[in-house]
Amino acid sequence: MVNNNYMHIKRIKEYAIENKIPIMQNEGIDFLTTFIIKHQIKNVLEIGSAIGYSAIMMSLCSPDLKVTTIERDEERYLEAVKNVKKLNLEDRITLIFNDALKVKIEDKFDLIFIDAAKAQNIKFFELFEKNLKESGYIITDNMYFHGLVHKNEKEIKSRNVRGIVRKIKDYIAFLKDNDNYNTTIYDIGDGIAVSEKKTKGGS
Ligand code: SAH
Ligand code: MG
């Protein structure tokens, strides 16, 4: 069974490369799964499932971990459905086909993982923090945006990309200024931000 999982995951990664789907890099996945185990995370809300790769990797951390994940691209969503089935994780991964900015989620989570449209990070954060438990974490991927966040803006030729880079910088400022969370940005993978909710009455 373990070997079977390994084969499925290998194929999912190959599919991602062939179809240019920006799944999390190995280093980032290692960080995320280690974090989940260390903090005994039991339920995760993910924004941006793509083909289900990170949701599957998180679920495999622990047999009692549940993931709810949202994807707006139909083709990717359908591929995610297939992949989750292959790994027999249907009862632990809930896939939602919708725009995350339109969907209503009532549950509370130990961890919210934001990995969708990079220009919308502030919106996702503000929309979903109500779904975070009292002492929970919000993790955001691609804080370096393929290294471009540290580049001189003049060197970035595409206006669209420049716009996204600016939005990520705004998001970094937003996290740093947010008194309700302690945020650390780790130099891992494509840059990972961990925002820990401060408990009421604590420092
Ligand atoms: N977490 C995945 C990769 C996600 S890639 C992994 O590491 O395996 C980002 C995905 O977010 C894309 O598939 C994109 O379609 C989706 N996305 C972007 N904006 C979204 C939105 N507003 N709502 C839902 N999904 C969104
Ligand atoms: Mg990512």
Side-chain angles (χ1 to χ4, degrees), residues 21-24 28 31-32 35-36 39 41-59 65-78 80-81 84 92-145 149 160-161 163-186 189-200 202:
I21 295 162
I23 62 167
M24 221 182 186
F31 176 85
L32 192 60
F35 185 94
I36 285 173
H39 296 274
I41 301 294
K42 292 299 170 223
N43 52 1
V44 181
L45 174 65
E46 177 184 64
I47 320 301
S49 341
I51 57 173
Y53 171 67
S54 51
I56 288 167
M57 295 307 282
M58 289 191 279
S59 307
L65 182 109
K66 292 208 159 127
V67 180
T68 299
T69 179
I70 311 168
E71 175 57 51
R72 69 174 172 192
D73 179 282
E74 187 166 24
E75 204 181 331
R76 291 183 181 181
Y77 162 78
L78 291 172
V81 170
V84 167
R92 292 205 287 120
I93 300 179
T94 305
L95 295 153
I96 299 172
F97 171 45
N98 206 339
D99 185 325
L101 295 173
K102 289 181 187 150
V103 68
K104 279 212 164 53
I105 308 266
E106 306 287 345
D107 296 346
K108 297 247 183 195
F109 299 85
D110 301 315
L111 170 66
I112 297 175
F113 176 47
I114 303 176
D115 190 19
K118 307 304 159 194
Q120 310 282 338
N121 280 343
I122 294 180
K123 277 191 191 160
F124 294 135
F125 192 105
E126 288 183 329
L127 183 63
F128 291 108
E129 64 173 330
K130 67 174 188 320
N131 297 98
L132 196 62
K133 282 187 193 161
E134 188 55 48
S135 54
Y137 302 88
I138 298 181
I139 293 186
T140 315
D141 190 29
N142 306 101
M143 298 303 291
Y144 296 165
F145 200 52
V149 168
N160 184 25
V161 172
I164 297 172
V165 166
R166 256 177 229 154
K167 292 272 191 181
I168 294 175
K169 285 180 181 166
D170 289 347
Y171 184 58
I172 293 170
F174 163 86
L175 292 177
K176 295 234 156 109
D177 290 346
N178 194 325
D179 290 333
N180 298 320
Y181 296 82
N182 283 318
T183 295
T184 308
I185 298 175
Y186 291 92
D190 193 27
I192 297 176
V194 176
S195 306
E196 180 180 9
K197 195 169 166 178
K198 292 182 192 170
T199 48
K200 278 187 196 124

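These values consider heavy atoms only, across backbone and side chains, with no hydrogens, waters or symmetry-generated copies. Residues: numbered from 1 along the sequence shown. On a predicted model such as this, the values are computed, not experimentally measured, just so you know.
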Checklist entry - Measuring from K66:NZ to D107:CG, what's the distance to the nearest 0.5 Å? => result 10.5 Å
Checklist outcome for this item: Between F124 and I114, the two heavy atoms sitting closest are CD1-CG2, 3.8 Å
Checklist entry - Are any non-hydrogen side-chain atoms of F113 and V67 less than 4.5 angstrom apart? => result no
Checklist entry - Would you say the side chains of E71 and S49 form a donor-acceptor pair under 3.5 Å? => result no
Checklist outcome for this item: Nearest heavy-atom approach of K197 to L132 is NZ-O, 3.5 Å
Checklist entry - Taking the side chain from N98 and the backbone from A100, do they hold a donor-acceptor pair closer than 3.5 Å? => result no
Checklist entry - How many angstroms lie between CE in M57 and CD1 in I23, if you round to the nearest 0.5 Å? => result 9.0 Å
Checklist entry - Going by atom types alone, do S54 and E46 pair a side-chain donor with an acceptor below 3.5 Å? => result yes
Checklist outcome for this item: Closest non-hydrogen contact found for G52 with A80 is N-CB, 3.7 Å
Checklist entry - Can you tell me if NZ on K102 sees more than 12 non-hydrogen neighbours from other groups inside 6.0 Å? => result no
Next on the checklist: If I take atom CG from residue L65 and atom NZ from residue K42, how far apart are they, to the nearest 0.5 angstrom?
Outcome noted: 7.0 Å
Checklist entry - Between I139 and I112, is any pair of side-chain heavy atoms under 4.5 Å apart? => result no
Checklist entry - Parallel, tilted or perpendicular for F125 and F174, by the 30°/60° rule? => result perpendicular
Checklist entry - Applying the side-chain contact (heavy atoms from CB on, under 4.5 Å) test to I70, which of L101, I105, L95, D99 qualifies? => result I105
Checklist entry - Do M24 and I192 have side-chain heavy atoms sitting under 4.5 Å apart? => result yes
Checklist entry - Under the 3.5 angstrom rule, does the side chain of N142 hit a backbone N or O of F145 as a donor-acceptor pair? => result no
Next on the checklist: If we count only N and O atoms by modelled type, under 3.5 Å, do the side chains of K198 and N180 hold a donor and an acceptor together?
Outcome noted: no
Next on the checklist: For M143 versus V149, what's the shortest heavy-atom pair and its separation?
Outcome noted: O-CG2, 3.3 Å
Next on the checklist: Within this structure, what is the CD1-OH distance for the pair I185 and Y144, rounded to the nearest 0.5 Å?
Outcome noted: 7.0 Å
Item to check | Under 3.5 Å: donor-acceptor pair, side chain of N43, backbone of K108 | outcome: yes
Next on the checklist: Using a strict threshold of under 4.0 Å (side-chain N to carboxylate O), is an ion pair present between K133 and D110?
Outcome noted: yes
Checklist outcome for this item: Interatomic distance, CD1@I138 vs CZ@F109, rounded to 0.5 Å, equals 12.0 Å
Checklist entry - Cut-off 3.5 Å, side chains only: do S195 and Y137 have a donor facing an acceptor? => result no
Item to check | Value rounded to 0.5 Å, distance of CD1 in I56 from CZ in R92 | outcome: 11.0 Å
Checklist entry - Would you say the side chain of Y181 lies within less than 4.5 Å of the side chain of E129, judging by non-hydrogen atoms? => result yes
Item to check | Residue pair A55 / T69: nearest heavy atoms and the distance that separates them | outcome: CB-CG2, 4.1 Å
Item to check | Heavy-atom side-chain proximity of E74 to F97 below 4.5 angstrom | outcome: yes
Checklist entry - Salt bridge check: are D179 and K176 linked by an N-O gap of less than 4.0 Å? => result no
Checklist entry - So do the side chains of V194 and T183 get within less than 4.5 Å of each other, counting heavy atoms only? => result no
Checklist entry - Taking C-beta and beyond as the side chain, do D115 and T140 meet within less than 4.5 Å on heavy atoms? => result no
